[in-house]
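Reminder, nothing fancy here: chain letters follow the sequence lines and each chain counts from 1. Only heavy atoms go into these numbers, but all of them, side chains included; no hydrogens, no water, no symmetry mates.
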Amino acid sequence: MPELPEVETIARGLAKRVAGDVIESVWLGSKPEPFKSSPSEIAATLQSKKISDVRRAGKHIVFELAFPNGSAHQAHQWIVHLGMTGSLLVCPPEGEVTKHTHAIVKLSSGRELRFVDPRRFGRLSVIENFEAPGAEPLAIKFEDFARLFYGRKTPIKSALLNQKLLSGVGNIYADEALFRAGVRPRRRVATLNRDELRRLHGSLKRVLREAIQLGGSSVSDYVDVNGDEGFFQLKHRVYGREGKPCLVCRTPIKRVVIAGRSSHYCPKCQK
DNA sequence: ACTATGTCCTGCGAGC
DNA sequence: TGCTCGCAGGACATAG
């Protein structure tokens, strides 16, 4: 499931491969539409625009669009959210169009950008000035991080997943950051002391940076723009390891459900 | 203003 | 072997 490191990997791959390219035509398929903006608005906005840059904002991929005639002002952004199983692939046009392909963007270089999403939780939209709702986890300073959680009663796991607080953290990296910080996922936010918050702030950044370096975690269907898998799943210490021995103390890893999400932790290492 | 829970969607794997 | 069933979860709606 694409979270911040996977989306970052995809955005970097796209920036490398399609930045500077011009959109020649747009095909949008599917009956119940996985689109936040109307298909006609998306197609009209993308048509004949140059992709000047591709970047990540939270879990969103942001395509910066420009007028190919060199007009200085920005001409909207194309926003792609991959949901759980969405992928953006750069394909040669003769490549077979697989099941669950919901959008095909033809580029003037001859390549195609395809949005494929079996579970259809992904969303496409166009907007003028996109801003992710929450703070950027890799940039946030400790004092701002601590302030996000001030006075909240919800479990820390839920707070980490709340995109209005932090933009980009999902189930895997929330569990991994909490393990590295030695904090149990069920702990109520307001009960975390300053030292615990400091450890969490640091471990979250470290785990996200390390995952980006390894190209993200390939569990479920995640692949990058070239169809390659990431390697951070090999570094998971708790996620998906229920019943297996903790890599630090050998205690079996526990799994509980918090906010409808499976949450993994070591009952000895995490307090 | 928060917090908690249900819903969407499809593929896959466990279990019989 | 072949079937059914339940689970996976990001974001949003709705209820409390």
How close do A:Thr251 and A:Pro267 get, counting heavy atoms only, and between which atoms? CG2-CG, 3.8 Å
Locate the shortest heavy-atom distance separating A:Glu210 from A:Lys235; write the atom from each residue and the value. OE2-CD, 3.8 Å
Under 3.5 Å, side chain of A:Arg111 to main-chain N/O of A:Ser108, donor-acceptor pair present? no
Go through A:Asp117 and A:His100 one step at a time and tell me if the side-chain contact (heavy atoms from CB on, under 4.5 Å) criterion holds. CA-CA 6 Å; A:Asp117 184 13; A:His100 308 301; 5.9 Å; no
A:Thr154 vs A:Arg152, test: side-chain hydrogen bond (donor to acceptor under 3.5 Å, both in side chains). Steps then yes/no. CA-CA 6 Å; A:Thr154 196; A:Arg152 288 179 180 271; over 6 Å; no
I'd like a list of close polar pairs between nucleotides 10-13 of chain C and the protein, N/O only, cut-off under 3.5 Å.
| residue | atom | partner | partner atom | Å |
| --- | --- | --- | --- | --- |
| C:dG10 | O3' | A:His81 | NE2 | 3.3 |
| C:dG10 | N7 | A:Arg261 | NH2 | 2.5 |
| C:dA11 | OP1 | A:His81 | NE2 | 2.3 |
| C:dA11 | OP2 | A:Lys59 | NZ | 3.2 |
| C:dA11 | N6 | A:Arg261 | NH2 | 3.1 |

Test side chain to side chain donor-acceptor pair (under 3.5 Å) applied to A:Asp224 - qualifying residues, sequence neighbours left out: none
Mind telling me whether A:His60 and A:His81 have parallel, tilted or perpendicular rings, with 30° and 60° as the class edges? perpendicular
Using a cut-off of strictly less than 4.0 Å, decide whether A:His100 has a side-chain nitrogen or oxygen near OP1 or OP2 of B:dC9. no
With a cut-off of less than 4.0 Å, is there a side-chain N or O of A:Ser262 near OP1 or OP2 of C:dC7? no
Under 4.0 angstrom, heavy atoms only, what part of the nucleic acid is A:Phe149 near: base, sugar-phosphate, or nothing? nothing
Taking ring pair (Phe, Tyr, Trp, His ring centres under 6.0 Å) as the test, write out the residues that go with A:Phe179, two or more places apart. none
Between the two end axes of the helix from B:dC2-C:dG16 to B:dC16-C:dG2, each built from 5 base pairs, what angle do you get to the nearest 10°? 50°
Give each protein N/O atom lying under 3.5 Å from an N/O atom of nucleotides 1-4 of chain B, with the pair distance.
| residue | atom | partner | partner atom | Å |
| --- | --- | --- | --- | --- |
| B:dT3 | OP1 | A:Lys153 | N | 2.7 |
| B:dT3 | OP2 | A:Arg152 | NH1 | 2.7 |
| B:dA4 | OP1 | A:Arg188 | NH1 | 3.0 |
| B:dA4 | OP2 | A:Thr154 | OG1 | 2.9 |

Of all residues at least two apart in sequence or in a different chain, which pass the side chain to side chain contact (heavy atoms under 4.5 Å, CB included) check with A:Glu242? A:Arg255
For atom CZ of A:Phe231, is the number of surrounding heavy atoms from other residues, nucleotides or ligands below 6.0 Å larger than 12? no
Between CZ on residue A:Arg56 and CD on residue A:Glu136, distance to nearest 0.5 Å: 4.0 Å
Rounded to the nearest Å, what distance is computed from the CD atom of residue A:Gln233 to the P atom of nucleotide C:dA8? 19 Å
Which whole-number value in Å describes the distance from A:Arg119 CZ to B:dT10 C1'? 6 Å
